[in-house]
Amino acid sequence: MPAKQERRLRVGVLGAGQIAQAAHFEACTKAANADLYAICDVADDLRERMVITHGAQKSYNDYDKMLADPDLDAVIIATADAFHVPASIRALEAGKHVLCEKPVGVTVEECVELKAAVEKSGKTFQVGHMKRFDAGLQAAKSFIRDGMGDLIALKAWYCDNTHRYPMTDAVQPLIVTSAHAKRPSTNPKADLRRYYMLAHGCHLIDTARYFAGDIVSVNARLSERSGIWCWFVDVEFASGTLGHLDLTVQVRMDWHEGFQIYGKNGSILGKTYNPWYYKSSEVDIFREADGATHRVLGADGHFYRRQVEGFARTILDGAPMEGADITDGLASVQAMVAIARSAESGKPAALADVTGGL
């Protein structure tokens with residue numbers, strides 16, 4: 001574990017549910033340049049247990065009181081999706097930096113509203129697309145930027161599987177729940193088509209944009225048969241790159257995620273693991289110049305800790321944003337809505353034209 005630096009970002013986590021317990025509390029306590037300063041949750045029993053377990057300095061059952069704490073530098077929004085935008089705006093208006101879980105919102109309009117709030121605040125805002133902190137993906141991004149030349153085509157897939165819960169239960173801490181937890185008005189899993197796109201589709205879209213840039217339009221087909229939701233999406237990138245995305249839940253096999261990229265001066269083949277194994281993607285970069293393949297080991301696969309450290313570097317040191325910003329977050333939501341509209345209509349959908357949510 002990296003040694004703690006002298007200057008550290010004091011972070012408060014809003015929400016003590018599954019993603020906070022599995023990822024964000026540990027990420028803050030292990031980060032070299034950040035501390036878990038505070039935990040805020042309305043469920044007193046859950047919050048106090050987490051404060052003791054993870055050693056937070058402060059405990060709040062009122063979000064506005066946490067935001068009023070002058071010693072708090074930044075917040076991580078680790079709530080249900082429906083609460084992301086209002087919680088982010090309140091933090092920005094209180095003068096705090098924000099790292100918000102993905103997806104950043106659930107409608108195009110609320111994300112546009114949040115973008116305006118971010119720009120007005122002048123604060124750092126990062127979306128929790130933690131795969132941008134996967135050393136394998138970062139190596140691929142470097143080759144695309146510095147050596148590959150024209151990116152001709154990208155194929156990417158994200159296929160969650162029927163066996164993921166025994167796999168994740170084995171490696172995650174035991175998730176503690178509370179009857180007093182604050183929940184959205186409707187169960188997010190009541191509509192699986194919507195839930196799978198918001199939970200998984202946003203990762204696939206952000207990975208595609210991380211490599212190939214802005215998406216202009218999508219042409220999607222959706223199959224819902226035998227308990228399997230399968231989206232095949234043809235993507236038009238602004239750069240002219242051809243794109244194809246495969247989002248399938250739940251495949252009858254191991255976790256299946258990765259990408260293939262074809263470029264002028266080489267190609268890239270990537271295999272990504274279930275994120276809770278904290279194992280960097282195996283990314284083979286073939287350079288035409290020497291006819292050889294190169295793979296970064298990526299020994300440090302704690303994407304969530306690396307994400308917090310990148311967030312803190314931007315705030316403390318003025319380092320360039322390595323993660324996804326509000327523009328990336330908005331574009332991801334636009335793409336998800338466009339995929340939904342295209343699948344419903346059977347026609348292509350332009351991201352600039354879509355409104356509403358999934």
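Listed by chain and number, the hydrophobic cluster partners of Tyr304 are Ile19, Met130, Met167, Val171, Trp276, Tyr277, Tyr278, Phe303, where partners are ILVMFWY side chains within reach of under 4.5 Å, directly or through others. Annotation for Val51: hydrophobic cluster partners, listed by chain and number, are Leu9, Val11, Val13, Phe25, Leu36, Ile39, Leu46, Met50, Ile76, Leu99, Val176, Val308, Phe311, Ile315, Leu316 (ILVMFWY side-chain heavy atoms under 4.5 Å, direct or chained). Clustering of Ile, Leu, Val, Met, Phe, Trp and Tyr by side-chain heavy atoms under 4.5 Å joins Phe133 with none of the others.
Screening residues 115-129 for side-chain hydrogen bond (donor to acceptor under 3.5 Å, both in side chains), with sequence neighbours left out, gives Lys115-Glu119. Within the structure, the salt bridge (Lys or Arg N to Asp or Glu O under 4.0 Å) test picks out no pair touching residues 142-152 (sequence neighbours left out). The list of salt bridge (Lys or Arg N to Asp or Glu O under 4.0 Å) pairs with a residue in residues 345-358, not counting sequence neighbours, is empty. Pairs engaging residues 159-184 under the salt bridge (Lys or Arg N to Asp or Glu O under 4.0 Å) rule: Asp160-Arg164 [sequence neighbours left out]. Applying the side-chain hydrogen bond (donor to acceptor under 3.5 Å, both in side chains) definition to pairs two or more places apart or across chains, those involving residues 85-114 are His24-Glu101, Asp64-Arg90.
Qualifying side chain to side chain donor-acceptor pair (under 3.5 Å) partners for Asp254, counting only residues two or more places apart in sequence or in other chains: none. Judged as a side chain to side chain donor-acceptor pair (under 3.5 Å), and not counting sequence neighbours, the contacts of His244 are Asp234. Scanning for side chain to side chain donor-acceptor pair (under 3.5 Å) contacts around Thr248 gives Asp246, with sequence neighbours left out. Contacts of Asp214 classified as side chain to side chain donor-acceptor pair (under 3.5 Å), with partners at least two apart in sequence or in another chain: Arg209.
Considering Asp134, Val296, Asp300, Thr272 in turn, Asp134 is the only one that fulfils the side chain to side chain contact (heavy atoms under 4.5 Å, CB included) rule with Ser280. Each of Glu257, His200, Lys131, His256 was evaluated against Tyr158; a single residue qualifies, His200, per the side-chain hydrogen bond (donor to acceptor under 3.5 Å, both in side chains) test.
Under 3.5 Å, the side chains of Ser332 and Asp206 contain no donor-acceptor pair of N or O atoms.
Between Arg305 and Glu26 no salt bridge is recorded (no basic side-chain N to carboxylate O distance below 4.0 Å). Ion pairing of Asp35 with Arg10 is absent here, as no side-chain N (NZ or NE/NH1/NH2) approaches a carboxylate O to less than 4.0 Å.
The shortest non-hydrogen separation linking Thr241 to Ala212 is CG2-CB, 4.4 Å.
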